[in-house]
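Whatever order the structure lists them in is the order used to number ligands and atoms, beginning at 1. Throughout, residue positions are numbered sequentially from 1 according to the sequence presented.
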Amino acid sequence: MAHEPNVWKPFAGGTDLMVLLEAGKLPHKKYVSIRRLPELLGIRVTPEHVTLGAATTYTQVRRHELLADEFPLLCRAAAETGSIATQNRGTLGGNIANASPAADSPPALIVYDAELELVSFRGSRWIAYKDFHTGYKQSTLQPDELISRIRLSRNMGAWTQHYRKVGTRRAQAISKVCFAGAARVEDGKITGVRIAFGSIAPTVLRAAATEQLLQGARLSPALAKAAQEALALEIAPIDDMRSTASYRRRVAQNLLAEFLEKISA
Ligand SMILES: Cc1cc2nc3c(=O)[nH]c(=O)nc-3n(C[C@H](O)[C@H](O)[C@H](O)COP(=O)(O)OP(=O)(O)OC[C@H]3O[C@@H](n4cnc5c(N)ncnc54)[C@H](O)[C@@H]3O)c2cc1C
């Protein structure tokens, strides 16, 4: 990849690549399998962080007890991805690098303020995941770089977390809208809130204006209504073959209301 950038394409689980290859939509002719590189494997836990190798599969995420306990949004995303077969092969690194706005793990990773390690012959750099996607299917990943690790800070203990994927079916469906949220509530007041959506913008979207409205506010039906209105102004979903803009907007608002109900309880 260093010597012939844009010629060699990393191949992890192949669950995105094989679809494109079969459809004749892949210009690359050379693939390098990264699936068993030891540096890209394993889930490591320290008191401060959980660090996942980029070649960690969804099945490995789902089966990890500490992730289930502290990072349930990521485990739910893994469980909602494709089928068991896809979960056995598909990797977190592949999902991130593929940069689809309809992918299911990015909303969870954004809520967790994940960090990515990108490696190449030139060295290694850590970046905030929120800065990784720069546009539709575009990212800061250079042609000679690999995503090697994904790091999560273990500071979500006091947060209530909520994940919901809305698709055509309960399984094996691409999202129409995907929601991930986390909030800290003290005495009825929101002291911390993070909200992210998939499938309603060219990249995964952190609902910053809606968060700002909720931050520090006291939970009430009026607040929920105001937040839904703020969200509608903040997002610009599109019509496509899977859904319509108006359906997506309404569902996004409903998922926000569901989240606020959960944290109120
Ligand atoms: C039937 C089916 C159902 C699916 N359902 C869902 C779903 O519900 N939700 C969802 O989000 N996705 C879904 N997908 C898409 C896919 O499974 C995921 O995006 C998966 O995480 C891709 O990982 P992979 O390892 O298979 O990637 P690959 O296909 O191997 O690679 C995908 C892209 O990432 C690059 N890449 C892979 N790993 C790295 C790395 N470490 N560093 C740099 N670049 C890398 C590759 O070069 C390629 O461009 C589905 C796919 C199929 C076939």
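Polar contact with ligand 1: absent for L40 (N/O pair, distance under 3.5 Å). Residue A102 has no nitrogen or oxygen atom sitting less than 3.5 Å from a nitrogen or oxygen atom of ligand 1, judged on distance alone. Taking only nitrogen or oxygen atoms, main chain and side chain alike, E145 does not reach within less than 3.5 Å of ligand 1. Of the N or O atoms in S105, none lie within a sub-3.5 Å distance of an N or O in ligand 1. Of the N or O atoms in A103, none lie within a sub-3.5 Å distance of an N or O in ligand 1. When only interatomic distances are considered, the shortest N/O to N/O separation between G90 and ligand 1 does not fall below 3.5 Å.
The protein heavy atom nearest to atom 12 (N) of ligand 1 is N95 ND2, 3.8 Å.
At least one side-chain heavy atom of V61 sits less than 4.5 Å from a side-chain heavy atom of L74. Side-chain contact check for L152 versus L52: some heavy-atom pair is nearer than 4.5 Å.
Shown here is R63, whose CZ atom has no more than 12 heavy atoms of other residues, nucleotides or ligands within 6.0 Å.
Looking at T15, L26, V19, L21 and measuring to atom 16 (C) of ligand 1, the nearest heavy atom belongs to T15. Looking at I150, D104, T86, it is D104 that brings a heavy atom closest to atom 7 (C) of ligand 1. Here the shortest heavy-atom distance to atom 6 (C) of ligand 1, taken over G14, S199, G82, G198, belongs to G82.
Of the heavy atoms in E80, only backbone atoms (N, CA, C, O) come closer than 4.0 Å to ligand 1. Proximity of L141 to ligand 1, defined as any heavy-atom pair under 4.0 Å, is confined to the side chain (atoms from C-beta onward).
In summary, of the residues considered (E117, E115, E145), a salt bridge (Lys or Arg N to Asp or Glu O under 4.0 Å) with R125 occurs for E145 alone.
Defined by atom type and a distance below 3.5 Å, a donor-acceptor pair is missing between the side-chain atoms of T81 and Q87. Defined by atom type and a distance below 3.5 Å, a donor-acceptor pair is missing between the side-chain atoms of T51 and R44. A donor atom on one side chain and an acceptor atom on the other are not found under 3.5 Å apart for D113 and S153.
Set against the non-hydrogen atoms of P10, the atoms of ligand 1 under 4.0 Å away are 44 (N), 46 (C), 47 (O). Interface atoms of ligand 1 facing K165, defined by a heavy-atom separation under 4.0 Å, are 7 (C), 8 (O). Here is the list of ligand 1 atoms found below 4.0 Å of a heavy atom in T91: 20 (C), 21 (O), 23 (O), 24 (P), 25 (O). The ligand atoms of ligand 1 that sit less than 4.0 angstrom from a heavy atom of I34 are 38 (N), 39 (C), 40 (C), 41 (N). The atoms of ligand 1 that sit less than 4.0 Å from any heavy atom of G13 are 24 (P), 25 (O), 26 (O), 30 (O).
V19 and L92 fall into different hydrophobic clusters, where Ile, Leu, Val, Met, Phe, Trp and Tyr are joined by side-chain heavy atoms under 4.5 Å apart, directly or via other members.
Within the structure, the side-chain hydrogen bond (donor to acceptor under 3.5 Å, both in side chains) test picks out the following pairs touching residues 68-77 (sequence neighbours left out): E70-R154, R76-E80.
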